[in-house]
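Worth knowing before you read on, the calculation uses all heavy atoms, side chains too, and leaves out hydrogens, waters and symmetry mates. Everything numeric here is computed off the predicted structure, so don't read it as measured data. Residue numbering restarts at 1 for every chain, and letters A, B, ... go by the order of the sequence lines.
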Amino acid sequence: MTVRVRMAPSPTGFLHVGGVRTFLFNWLFARGRAGECLLRIENTDTSREVAESVEQIERSLRWLGIDWDGPTRFQLDRMERAQAEARRLVAEGAAYEDEGAIRIRMPDEGVTAWEDAVKGRIEFPNAQLEDLVLVRSDGRPTYNFASPLEDWLDGITHVIRGDDHVSNTPKQIVVLRALGAEPPVYAHVPNVLGPDGRKLSKRHGAVSVDEFRAAGYLPEALMNFLALLGWAPDGETTIMSRDELIARFSLERVGSSPATFDYQKLDWMNGVYLRALSPEEYADRLVAYLREQGYDWPEERIRAAAPLVQEKIERLGQFPGFAGFLFHDVEPDPALLDGRMLVEAERALAAVEPWTAAAIEGALKRLCEELGEKPRTVYQPIRVAVTGSRVSPGLYESLELLGREESLRRLRVARERAPAAA
RNA sequence: GCCCCCAUCGACUAGCGGUCCAGGUCACGGCCCUUUCAAGGCCGUAGCGCGGGUUCGAAUCCCGCUGGGGGCACCA
(Lines give C-alpha, C1' and ligand atoms only; values in the text may rest on other atoms or scores of the structure.)
Protein backbone atom coordinates (compact mmCIF):
# COMPACT_ATOMS: atom_id res chain seq x y z
CA MET A 1 0.00 0.00 0.00
CA THR A 2 1.35 3.39 -0.97
CA VAL A 3 1.93 5.73 1.91
CA ARG A 4 -0.13 8.87 1.79
CA VAL A 5 -0.04 11.56 4.44
CA ARG A 6 -1.32 15.05 4.73
CA MET A 7 -0.21 18.31 6.27
CA ALA A 8 -3.21 20.08 7.70
CA PRO A 9 -2.62 23.62 8.91
CA SER A 10 -5.49 25.78 9.99
CA PRO A 11 -5.35 29.10 8.16
CA THR A 12 -5.00 31.26 11.23
CA GLY A 13 -2.20 33.71 10.83
CA PHE A 14 1.32 32.60 10.02
CA LEU A 15 3.00 29.24 9.90
CA HIS A 16 4.20 28.32 13.36
CA VAL A 17 7.47 26.38 13.65
CA GLY A 18 5.87 23.94 16.03
CA GLY A 19 3.33 23.08 13.36
CA VAL A 20 6.01 23.00 10.72
CA ARG A 21 7.91 20.43 12.71
CA THR A 22 4.88 18.18 12.51
CA PHE A 23 4.52 18.83 8.78
CA LEU A 24 8.19 18.07 8.35
CA PHE A 25 7.72 14.67 9.97
CA ASN A 26 4.86 13.96 7.57
CA TRP A 27 6.91 15.05 4.63
CA LEU A 28 10.05 13.15 5.61
CA PHE A 29 7.98 10.05 6.22
CA ALA A 30 6.28 10.22 2.83
CA ARG A 31 9.34 11.16 0.83
CA GLY A 32 11.37 8.41 2.37
CA ARG A 33 8.82 5.81 1.34
CA ALA A 34 7.97 6.95 -2.15
CA GLY A 35 4.67 8.11 -0.75
CA GLU A 36 2.49 11.12 -1.29
CA CYS A 37 2.13 14.17 0.86
CA LEU A 38 -0.97 16.33 0.54
CA LEU A 39 -1.57 19.85 1.76
CA ARG A 40 -5.01 20.35 3.21
CA ILE A 41 -6.27 23.56 4.70
CA GLU A 42 -8.61 22.94 7.58
CA ASN A 43 -10.81 25.96 7.12
CA THR A 44 -14.36 26.59 8.10
CA ASP A 45 -14.77 29.88 6.33
CA THR A 46 -13.52 31.38 3.08
CA SER A 47 -12.76 34.95 4.06
CA ARG A 48 -9.98 36.91 2.46
CA GLU A 49 -7.84 36.53 5.55
CA VAL A 50 -7.96 32.82 4.92
CA ALA A 51 -6.81 33.21 1.34
CA GLU A 52 -3.89 35.38 2.39
CA SER A 53 -3.01 33.05 5.17
CA VAL A 54 -2.97 30.13 2.77
CA GLU A 55 -0.57 31.93 0.47
CA GLN A 56 1.62 32.70 3.42
CA ILE A 57 1.62 29.05 4.48
CA GLU A 58 2.47 27.82 1.01
CA ARG A 59 5.27 30.34 0.66
CA SER A 60 6.78 29.38 3.99
CA LEU A 61 6.66 25.68 3.20
CA ARG A 62 8.26 26.20 -0.19
CA TRP A 63 10.99 28.31 1.30
CA LEU A 64 11.78 25.56 3.76
CA GLY A 65 11.95 23.05 0.97
CA ILE A 66 8.81 21.14 1.88
CA ASP A 67 6.65 20.36 -1.14
CA TRP A 68 3.33 18.61 -1.56
CA ASP A 69 1.53 16.57 -4.17
CA GLY A 70 -1.39 17.86 -6.15
CA PRO A 71 -3.31 21.04 -5.53
CA THR A 72 -3.89 22.45 -2.09
CA ARG A 73 -7.17 21.10 -0.79
CA PHE A 74 -9.73 22.87 1.34
CA GLN A 75 -11.82 21.19 3.92
CA LEU A 76 -14.80 23.31 3.06
CA ASP A 77 -14.85 21.91 -0.47
CA ARG A 78 -16.13 18.67 1.00
CA MET A 79 -19.06 20.31 2.79
CA GLU A 80 -21.82 18.81 0.71
CA ARG A 81 -20.30 15.38 0.80
CA ALA A 82 -20.04 15.67 4.57
CA GLN A 83 -23.68 16.57 4.84
CA ALA A 84 -24.67 13.64 2.65
CA GLU A 85 -22.59 11.23 4.71
CA ALA A 86 -24.10 12.56 7.89
CA ARG A 87 -27.61 12.04 6.51
CA ARG A 88 -26.64 8.56 5.56
CA LEU A 89 -25.53 7.86 9.12
CA VAL A 90 -28.85 9.14 10.36
CA ALA A 91 -30.66 6.87 7.93
CA GLU A 92 -28.57 3.95 9.11
CA GLY A 93 -29.28 4.75 12.73
CA ALA A 94 -25.69 5.55 13.67
CA ALA A 95 -26.50 9.22 14.10
CA TYR A 96 -29.52 11.30 14.98
CA GLU A 97 -30.86 14.82 14.69
CA ASP A 98 -30.69 17.09 17.67
CA GLU A 99 -32.05 20.63 17.51
CA GLY A 100 -31.09 20.98 13.88
CA ALA A 101 -27.65 19.47 14.30
CA ILE A 102 -26.64 15.89 13.62
CA ARG A 103 -24.95 13.91 16.34
CA ILE A 104 -23.32 10.53 16.15
CA ARG A 105 -24.00 7.90 18.79
CA MET A 106 -20.94 7.04 20.78
CA PRO A 107 -20.64 3.63 22.41
CA ASP A 108 -21.28 3.69 26.16
CA GLU A 109 -19.21 0.74 27.20
CA GLY A 110 -15.85 -0.77 26.51
CA VAL A 111 -12.86 1.07 25.15
CA THR A 112 -11.75 2.52 21.86
CA ALA A 113 -8.09 1.80 21.30
CA TRP A 114 -5.44 2.06 18.66
CA GLU A 115 -1.81 1.26 18.20
CA ASP A 116 -0.13 4.64 17.96
CA ALA A 117 2.99 4.60 15.79
CA VAL A 118 4.90 6.70 18.25
CA LYS A 119 3.16 6.25 21.58
CA GLY A 120 2.20 2.63 21.43
CA ARG A 121 -1.21 1.34 22.45
CA ILE A 122 -3.63 3.97 23.71
CA GLU A 123 -7.03 3.19 25.16
CA PHE A 124 -9.96 5.45 25.91
CA PRO A 125 -12.95 4.41 27.97
CA ASN A 126 -15.97 4.87 25.77
CA ALA A 127 -17.98 6.17 28.69
CA GLN A 128 -15.80 9.21 28.30
CA LEU A 129 -17.07 9.97 24.81
CA GLU A 130 -20.08 12.17 24.30
CA ASP A 131 -22.31 12.08 21.27
CA LEU A 132 -20.38 14.29 18.96
CA VAL A 133 -21.91 16.89 16.66
CA LEU A 134 -21.15 15.96 13.07
CA VAL A 135 -22.98 18.74 11.32
CA ARG A 136 -23.96 22.00 12.98
CA SER A 137 -27.45 23.36 12.73
CA ASP A 138 -26.19 25.81 10.09
CA GLY A 139 -25.08 22.90 7.94
CA ARG A 140 -21.31 23.15 8.42
CA PRO A 141 -19.51 19.96 9.42
CA THR A 142 -17.40 20.09 12.59
CA TYR A 143 -13.70 19.45 12.61
CA ASN A 144 -13.96 16.03 14.21
CA PHE A 145 -16.23 14.93 11.42
CA ALA A 146 -14.70 16.70 8.45
CA SER A 147 -11.13 15.77 9.25
CA PRO A 148 -11.50 11.98 9.44
CA LEU A 149 -13.98 12.04 6.57
CA GLU A 150 -11.48 13.75 4.34
CA ASP A 151 -8.71 11.46 5.46
CA TRP A 152 -10.85 8.60 4.31
CA LEU A 153 -11.89 10.24 1.04
CA ASP A 154 -8.27 11.15 0.30
CA GLY A 155 -6.99 7.70 1.11
CA ILE A 156 -4.72 8.90 3.89
CA THR A 157 -2.77 5.96 5.30
CA HIS A 158 -0.96 7.67 8.15
CA VAL A 159 -2.17 10.57 10.23
CA ILE A 160 0.89 12.17 11.76
CA ARG A 161 -0.15 15.07 13.94
CA GLY A 162 0.41 16.86 17.21
CA ASP A 163 0.00 15.35 20.60
CA ASP A 164 -2.94 17.59 21.33
CA HIS A 165 -5.08 15.47 19.02
CA VAL A 166 -4.75 12.32 21.05
CA SER A 167 -8.07 12.83 22.74
CA ASN A 168 -9.79 13.53 19.42
CA THR A 169 -8.62 10.25 18.03
CA PRO A 170 -11.12 7.90 19.66
CA LYS A 171 -13.97 10.10 18.43
CA GLN A 172 -12.58 10.07 14.93
CA ILE A 173 -12.12 6.34 15.00
CA VAL A 174 -15.76 5.89 15.93
CA VAL A 175 -16.76 8.26 13.12
CA LEU A 176 -14.67 6.36 10.61
CA ARG A 177 -16.05 3.00 11.61
CA ALA A 178 -19.59 4.28 11.39
CA LEU A 179 -18.77 5.52 7.92
CA GLY A 180 -17.57 2.04 7.04
CA ALA A 181 -13.94 3.14 6.75
CA GLU A 182 -10.82 1.57 8.12
CA PRO A 183 -9.00 4.04 10.42
CA PRO A 184 -5.52 5.06 9.26
CA VAL A 185 -2.36 4.54 11.27
CA TYR A 186 -2.11 7.30 13.84
CA ALA A 187 1.17 8.81 14.99
CA HIS A 188 0.99 11.49 17.63
CA VAL A 189 4.14 13.50 17.93
CA PRO A 190 4.94 15.50 21.05
CA ASN A 191 4.52 19.25 21.12
CA VAL A 192 7.27 21.79 20.96
CA LEU A 193 7.75 23.89 24.07
CA GLY A 194 9.41 27.22 24.72
CA PRO A 195 12.46 27.55 27.00
CA ASP A 196 10.15 28.01 29.99
CA GLY A 197 8.41 24.70 29.40
CA ARG A 198 5.24 26.28 28.13
CA LYS A 199 3.86 26.02 24.65
CA LEU A 200 6.11 27.82 22.19
CA SER A 201 4.74 31.31 21.53
CA LYS A 202 5.82 34.73 20.37
CA ARG A 203 6.90 35.70 23.82
CA HIS A 204 9.77 33.22 23.48
CA GLY A 205 11.11 34.85 20.36
CA ALA A 206 10.59 34.07 16.71
CA VAL A 207 7.91 31.47 16.10
CA SER A 208 6.74 31.92 12.52
CA VAL A 209 8.78 30.57 9.65
CA ASP A 210 8.77 34.04 8.17
CA GLU A 211 10.46 35.50 11.19
CA PHE A 212 13.27 32.98 10.97
CA ARG A 213 13.66 33.76 7.32
CA ALA A 214 13.83 37.47 8.05
CA ALA A 215 16.41 36.91 10.77
CA GLY A 216 18.73 35.28 8.27
CA TYR A 217 18.42 31.59 9.01
CA LEU A 218 19.04 29.17 6.18
CA PRO A 219 16.08 26.94 5.32
CA GLU A 220 18.22 23.82 5.32
CA ALA A 221 19.54 24.67 8.78
CA LEU A 222 16.06 25.29 10.13
CA MET A 223 14.86 22.03 8.62
CA ASN A 224 17.75 20.10 10.14
CA PHE A 225 17.11 21.68 13.51
CA LEU A 226 13.37 21.08 13.44
CA ALA A 227 13.85 17.45 12.44
CA LEU A 228 15.88 16.88 15.58
CA LEU A 229 13.09 18.15 17.82
CA GLY A 230 11.69 14.88 19.02
CA TRP A 231 13.53 12.67 16.61
CA ALA A 232 17.08 11.36 16.43
CA PRO A 233 18.53 8.80 14.02
CA ASP A 234 21.05 7.72 16.64
CA GLY A 235 22.86 9.36 19.49
CA GLU A 236 25.62 10.91 17.44
CA THR A 237 24.53 12.47 14.18
CA THR A 238 23.32 16.05 14.28
CA ILE A 239 24.12 17.66 10.95
CA MET A 240 22.12 16.04 8.19
CA SER A 241 21.27 17.09 4.67
CA ARG A 242 17.72 17.04 3.44
CA ASP A 243 18.35 13.77 1.62
CA GLU A 244 19.90 12.18 4.65
CA LEU A 245 16.96 13.23 6.78
CA ILE A 246 14.59 11.67 4.28
CA ALA A 247 16.59 8.49 4.12
CA ARG A 248 16.88 8.07 7.86
CA PHE A 249 13.57 9.32 9.21
CA SER A 250 11.24 6.83 10.82
CA LEU A 251 8.27 7.13 13.14
CA GLU A 252 9.67 4.43 15.41
CA ARG A 253 12.47 6.76 16.39
CA VAL A 254 10.26 9.71 17.23
CA GLY A 255 10.33 10.25 20.96
CA SER A 256 7.20 10.62 23.02
CA SER A 257 8.13 13.42 25.38
CA PRO A 258 7.80 17.10 24.49
CA ALA A 259 10.87 18.91 23.17
CA THR A 260 12.07 22.38 24.04
CA PHE A 261 12.99 24.76 21.26
CA ASP A 262 16.58 25.84 21.89
CA TYR A 263 17.34 29.06 20.06
CA GLN A 264 21.03 28.88 20.90
CA LYS A 265 21.42 25.51 19.30
CA LEU A 266 19.59 26.70 16.20
CA ASP A 267 22.02 29.63 16.00
CA TRP A 268 24.97 27.31 16.28
CA MET A 269 23.57 25.01 13.62
CA ASN A 270 22.84 27.88 11.28
CA GLY A 271 26.44 28.99 11.70
CA VAL A 272 27.60 25.52 10.75
CA TYR A 273 25.55 25.65 7.55
CA LEU A 274 26.66 29.17 6.76
CA ARG A 275 30.32 28.30 7.10
CA ALA A 276 29.92 25.18 5.01
CA LEU A 277 28.72 27.16 1.99
CA SER A 278 31.17 27.77 -0.86
CA PRO A 279 32.29 31.41 -0.99
CA GLU A 280 30.23 31.98 -4.14
CA GLU A 281 27.13 30.41 -2.70
CA TYR A 282 27.58 32.34 0.50
CA ALA A 283 27.79 35.62 -1.40
CA ASP A 284 24.73 34.71 -3.45
CA ARG A 285 22.68 34.01 -0.37
CA LEU A 286 23.89 37.12 1.37
CA VAL A 287 23.02 39.34 -1.58
CA ALA A 288 19.60 37.75 -1.93
CA TYR A 289 18.94 38.08 1.75
CA LEU A 290 19.89 41.74 1.93
CA ARG A 291 17.78 42.52 -1.14
CA GLU A 292 14.85 40.74 0.45
CA GLN A 293 15.32 42.80 3.58
CA GLY A 294 15.30 46.01 1.61
CA TYR A 295 18.97 47.00 1.68
CA ASP A 296 20.07 48.77 -1.47
CA TRP A 297 23.79 48.38 -0.86
CA PRO A 298 25.93 47.80 -3.97
CA GLU A 299 26.13 44.14 -4.84
CA GLU A 300 29.80 44.14 -5.73
CA ARG A 301 30.73 45.44 -2.33
CA ILE A 302 28.48 42.96 -0.57
CA ARG A 303 30.19 40.19 -2.47
CA ALA A 304 33.59 41.55 -1.57
CA ALA A 305 32.59 41.74 2.10
CA ALA A 306 31.12 38.24 2.19
CA PRO A 307 34.39 36.39 2.78
CA LEU A 308 35.22 38.71 5.66
CA VAL A 309 32.14 37.66 7.58
CA GLN A 310 31.49 34.06 6.62
CA GLU A 311 33.44 32.69 9.57
CA LYS A 312 32.10 35.32 11.92
CA ILE A 313 28.33 35.50 11.90
CA GLU A 314 25.79 32.80 12.45
CA ARG A 315 22.77 34.58 11.02
CA LEU A 316 22.71 36.66 7.86
CA GLY A 317 20.75 39.20 9.82
CA GLN A 318 23.91 40.03 11.72
CA PHE A 319 25.61 41.31 8.59
CA PRO A 320 24.34 44.90 8.67
CA GLY A 321 25.44 45.33 12.25
CA PHE A 322 28.76 43.60 11.75
CA ALA A 323 29.86 44.89 8.37
CA GLY A 324 27.62 47.90 7.86
CA PHE A 325 30.61 50.21 8.26
CA LEU A 326 31.64 49.21 4.75
CA PHE A 327 28.45 50.80 3.43
CA HIS A 328 27.98 53.86 5.55
CA ASP A 329 29.91 56.25 7.78
CA VAL A 330 30.45 55.47 11.44
CA GLU A 331 30.18 57.20 14.80
CA PRO A 332 33.09 55.98 16.91
CA ASP A 333 32.89 56.32 20.66
CA PRO A 334 35.54 58.94 21.57
CA ALA A 335 36.28 57.15 24.81
CA LEU A 336 37.67 54.21 22.84
CA LEU A 337 39.95 56.32 20.69
CA ASP A 338 43.58 57.20 21.27
CA GLY A 339 44.83 60.29 19.52
CA ARG A 340 48.47 59.32 19.45
CA MET A 341 47.84 55.90 17.95
CA LEU A 342 45.56 57.36 15.34
CA VAL A 343 48.16 59.89 14.25
CA GLU A 344 50.76 57.16 13.95
CA ALA A 345 48.38 54.88 12.09
CA GLU A 346 47.45 57.60 9.66
CA ARG A 347 51.12 58.22 8.92
CA ALA A 348 51.97 54.55 8.53
CA LEU A 349 48.98 53.77 6.33
CA ALA A 350 49.41 56.77 4.10
CA ALA A 351 52.64 55.25 2.86
CA VAL A 352 51.31 51.76 2.17
CA GLU A 353 51.75 50.66 -1.41
CA PRO A 354 49.97 48.86 -2.90
CA TRP A 355 46.76 49.13 -0.84
CA THR A 356 46.29 45.46 -0.11
CA ALA A 357 45.58 43.53 3.06
CA ALA A 358 49.06 42.03 2.97
CA ALA A 359 50.81 45.36 2.62
CA ILE A 360 48.59 46.90 5.29
CA GLU A 361 49.44 44.07 7.62
CA GLY A 362 53.13 44.61 7.02
CA ALA A 363 52.87 48.30 7.71
CA LEU A 364 50.85 47.92 10.88
CA LYS A 365 53.13 45.24 12.26
CA ARG A 366 56.11 47.43 11.63
CA LEU A 367 54.31 50.23 13.42
CA CYS A 368 53.80 48.03 16.46
CA GLU A 369 57.51 47.30 16.55
CA GLU A 370 58.45 50.94 16.18
CA LEU A 371 56.14 51.93 19.00
CA GLY A 372 57.05 48.94 21.12
CA GLU A 373 53.37 48.27 21.66
CA LYS A 374 51.28 45.12 21.46
CA PRO A 375 49.10 44.75 18.38
CA ARG A 376 45.90 44.93 20.41
CA THR A 377 46.94 48.30 21.84
CA VAL A 378 47.66 49.72 18.45
CA TYR A 379 44.81 48.08 16.56
CA GLN A 380 41.88 48.81 18.79
CA PRO A 381 41.78 52.59 18.26
CA ILE A 382 42.18 52.04 14.53
CA ARG A 383 39.43 49.44 14.49
CA VAL A 384 37.08 51.69 16.42
CA ALA A 385 37.87 54.69 14.25
CA VAL A 386 37.31 52.83 11.02
CA THR A 387 34.53 50.37 11.86
CA GLY A 388 32.85 52.22 14.70
CA SER A 389 33.07 49.15 16.92
CA ARG A 390 35.52 47.11 18.95
CA VAL A 391 34.19 44.03 17.21
CA SER A 392 34.63 43.74 13.49
CA PRO A 393 35.87 41.60 10.63
CA GLY A 394 39.63 41.31 10.17
CA LEU A 395 41.24 44.75 10.27
CA TYR A 396 43.58 44.41 7.28
CA GLU A 397 40.86 43.16 4.98
CA SER A 398 38.43 45.75 6.25
CA LEU A 399 40.87 48.57 5.52
CA GLU A 400 41.63 47.19 2.10
CA LEU A 401 37.96 47.03 1.20
CA LEU A 402 37.22 50.48 2.53
CA GLY A 403 39.98 51.94 0.41
CA ARG A 404 42.87 54.13 1.34
CA GLU A 405 41.09 57.41 0.96
CA GLU A 406 38.09 56.55 3.10
CA SER A 407 40.22 54.77 5.68
CA LEU A 408 42.50 57.76 6.12
CA ARG A 409 39.51 60.06 6.23
CA ARG A 410 37.93 58.10 9.06
CA LEU A 411 41.22 58.06 10.94
CA ARG A 412 41.48 61.80 10.58
CA VAL A 413 37.92 62.46 11.70
CA ALA A 414 38.36 60.16 14.67
CA ARG A 415 41.65 61.75 15.64
CA GLU A 416 39.93 65.11 15.81
CA ARG A 417 37.30 63.69 18.12
CA ALA A 418 39.71 61.78 20.29
CA PRO A 419 40.44 63.04 23.79
CA ALA A 420 43.27 65.61 23.63
CA ALA A 421 46.26 63.72 22.31
CA ALA A 422 49.45 63.83 24.30
C1' G B 1 -13.35 17.24 38.72
C1' C B 2 -12.82 13.31 34.88
C1' C B 3 -9.83 11.18 30.82
C1' C B 4 -5.23 10.63 28.09
C1' C B 5 -0.01 11.26 27.46
C1' C B 6 4.98 12.12 29.26
C1' A B 7 9.47 11.77 32.79
C1' U B 8 18.16 10.47 31.29
C1' C B 9 23.07 16.47 32.16
C1' G B 10 20.37 23.64 31.95
C1' A B 11 18.60 22.08 26.41
C1' C B 12 18.14 18.22 22.21
C1' U B 13 19.00 13.27 22.82
C1' A B 14 21.61 7.83 22.72
C1' G B 15 20.34 3.87 25.80
C1' C B 16 15.17 -0.92 24.10
C1' G B 17 18.15 -6.24 31.57
C1' G B 18 24.47 -7.10 32.13
C1' U B 19 29.41 -4.32 27.19
C1' C B 20 26.77 2.44 31.33
C1' C B 21 30.84 4.24 38.04
C1' A B 22 25.48 6.44 31.44
C1' G B 23 27.66 8.25 25.26
C1' G B 24 27.07 12.51 21.50
C1' U B 25 25.64 17.68 20.34
C1' C B 26 24.26 22.87 22.11
C1' A B 27 25.04 25.94 26.22
C1' C B 28 28.50 26.76 30.30
C1' G B 29 33.84 26.89 32.56
C1' G B 30 39.28 26.50 31.64
C1' C B 31 43.53 26.28 28.38
C1' C B 32 45.72 26.81 23.38
C1' C B 33 45.58 29.71 18.86
C1' U B 34 44.84 34.98 18.01
C1' U B 35 44.60 42.23 15.54
C1' U B 36 38.83 42.44 18.06
C1' C B 37 34.94 38.91 17.48
C1' A B 38 34.24 34.36 15.77
C1' A B 39 35.99 29.72 13.97
C1' G B 40 39.22 25.67 15.31
C1' G B 41 41.92 22.30 18.90
C1' C B 42 42.34 20.20 23.91
C1' C B 43 40.30 19.55 28.83
C1' G B 44 36.31 19.98 32.23
C1' U B 45 31.46 20.83 35.24
C1' A B 46 26.76 18.57 34.85
C1' G B 47 21.84 13.79 34.42
C1' C B 48 18.80 8.32 35.03
C1' G B 49 12.34 12.74 39.76
C1' C B 50 10.85 9.71 44.46
C1' G B 51 9.30 5.06 46.76
C1' G B 52 8.28 0.11 46.34
C1' G B 53 8.69 -4.38 43.72
C1' U B 54 10.48 -8.34 39.67
C1' U B 55 15.55 -10.23 38.75
C1' C B 56 21.77 -13.16 40.07
C1' G B 57 21.63 -8.14 37.83
C1' A B 58 17.42 -2.14 36.23
C1' A B 59 18.36 4.15 33.44
C1' U B 60 16.12 0.00 30.97
C1' C B 61 10.31 -4.32 33.21
C1' C B 62 5.79 -3.70 36.86
C1' C B 63 3.01 -0.73 40.66
C1' G B 64 2.31 3.71 43.40
C1' C B 65 3.61 8.83 44.19
C1' U B 66 5.21 13.44 42.61
C1' G B 67 5.93 16.69 38.74
C1' G B 68 4.91 18.42 33.70
C1' G B 69 1.80 18.54 29.26
C1' G B 70 -2.77 17.81 26.55
C1' G B 71 -8.04 17.15 26.26
C1' C B 72 -13.22 17.14 28.12
C1' A B 73 -17.41 22.79 22.44
C1' C B 74 -22.79 23.23 17.26
C1' C B 75 -13.21 25.74 17.92
C1' A B 76 -9.69 23.80 14.78
Taking C-beta and beyond as the side chain, do [X] and [Y] meet within less than 4.5 Å on heavy atoms?
{"X": "Leu39(A)", "Y": "Glu58(A)", "value": "yes"}
{"X": "Phe212(A)", "Y": "Leu266(A)", "value": "yes"}
{"X": "Pro233(A)", "Y": "Phe249(A)", "value": "no"}

[X] side chain: which of [options] is closest?
{"X": "Leu229(A)", "options": "A38(B), C12(B), U25(B)", "answer": "C12(B)"}
{"X": "Arg383(A)", "options": "A11(B), C75(B), U35(B)", "answer": "U35(B)"}
{"X": "Val391(A)", "options": "A14(B), C37(B), C26(B)", "answer": "C37(B)"}
{"X": "Phe322(A)", "options": "U35(B), A76(B), C37(B)", "answer": "C37(B)"}
{"X": "Glu236(A)", "options": "U35(B), G70(B), G23(B)", "answer": "G23(B)"}
{"X": "Trp268(A)", "options": "C26(B), A14(B), C74(B)", "answer": "C26(B)"}
{"X": "Asp262(A)", "options": "G10(B), G70(B), A38(B)", "answer": "G10(B)"}
{"X": "Ile122(A)", "options": "C72(B), C5(B), C74(B)", "answer": "C5(B)"}
{"X": "Pro375(A)", "options": "C74(B), U35(B), U36(B)", "answer": "U35(B)"}
{"X": "Ser257(A)", "options": "C6(B), C12(B), A38(B)", "answer": "C6(B)"}

Round to the nearest Å and state the distance from [X] atom [atom1] to [N] atom [atom2].
{"X": "Arg136(A)", "N": "C74(B)", "atom1": "CZ", "atom2": "P", "value": "9 Å"}
{"X": "Asp163(A)", "N": "C5(B)", "atom1": "CG", "atom2": "C1'", "value": "6 Å"}
{"X": "Gln380(A)", "N": "C37(B)", "atom1": "CD", "atom2": "P", "value": "9 Å"}
{"X": "Ile173(A)", "N": "C3(B)", "atom1": "CD1", "atom2": "P", "value": "19 Å"}
{"X": "Asp234(A)", "N": "U13(B)", "atom1": "CG", "atom2": "C1'", "value": "10 Å"}
{"X": "Arg140(A)", "N": "A73(B)", "atom1": "CZ", "atom2": "C1'", "value": "13 Å"}
{"X": "Gln128(A)", "N": "C4(B)", "atom1": "CD", "atom2": "C1'", "value": "9 Å"}
{"X": "Arg198(A)", "N": "C6(B)", "atom1": "CZ", "atom2": "P", "value": "21 Å"}

Residue matched to [N] through Watson-Crick or wobble contacts both under 3.5 angstrom:
{"N": "C2(B)", "result": "G71(B)"}
{"N": "G64(B)", "result": "C50(B)"}
{"N": "G18(B)", "result": "C56(B)"}
{"N": "G40(B)", "result": "C32(B)"}

Pairwise 5' ranking along RNA chain B for Lys119(A) and Val135(A), keeping only the more 5' one: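 Comparing both residues, the 5'-ward one is Lys119(A).
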
Residue whose nearest RNA chain B nucleotide is more 5′ - Arg376(A) or Asn191(A):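 Result of the comparison: Arg376(A).
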
Indicate, with a heavy-atom threshold strictly under 4.0 Å, whether [X] touches base, sugar-phosphate, or nothing.
{"X": "Glu99(A)", "result": "base"}
{"X": "Asp267(A)", "result": "nothing"}
{"X": "Asn144(A)", "result": "base"}
{"X": "Ser392(A)", "result": "base"}
{"X": "Tyr396(A)", "result": "base"}

Side chain to side chain donor-acceptor pair (under 3.5 Å) evaluation trace for Tyr217(A) with Asp267(A): CA-CA 8 Å; Tyr217(A) 289 94; Asp267(A) 283 354; 2.4 Å; yes

Indicate whether the side chain of [X] and that of [Y] have a donor and an acceptor atom separated by less than 3.5 Å.
{"X": "Asp116(A)", "Y": "His188(A)", "value": "yes"}
{"X": "Asp210(A)", "Y": "Ser60(A)", "value": "yes"}
{"X": "Thr157(A)", "Y": "Arg4(A)", "value": "no"}
{"X": "Asn168(A)", "Y": "Tyr143(A)", "value": "no"}

Does [X] make a side-chain donor-acceptor contact with the base of [N], cut-off 3.5 Å?
{"X": "Lys312(A)", "N": "U36(B)", "answer": "yes"}
{"X": "Thr142(A)", "N": "C74(B)", "answer": "no"}
{"X": "Lys374(A)", "N": "U35(B)", "answer": "no"}

Just to confirm, is there a sub-4.0 Å distance from OP1 or OP2 of [N] to any side-chain nitrogen or oxygen of [X]?
{"X": "Thr260(A)", "N": "C12(B)", "value": "yes"}
{"X": "Arg121(A)", "N": "C5(B)", "value": "no"}
{"X": "Arg253(A)", "N": "G15(B)", "value": "yes"}

Pairwise P distance for A7(B) and A76(B), with rounding to whole Å: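 Each nucleotide's P atom is 32 Å from the other's.
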
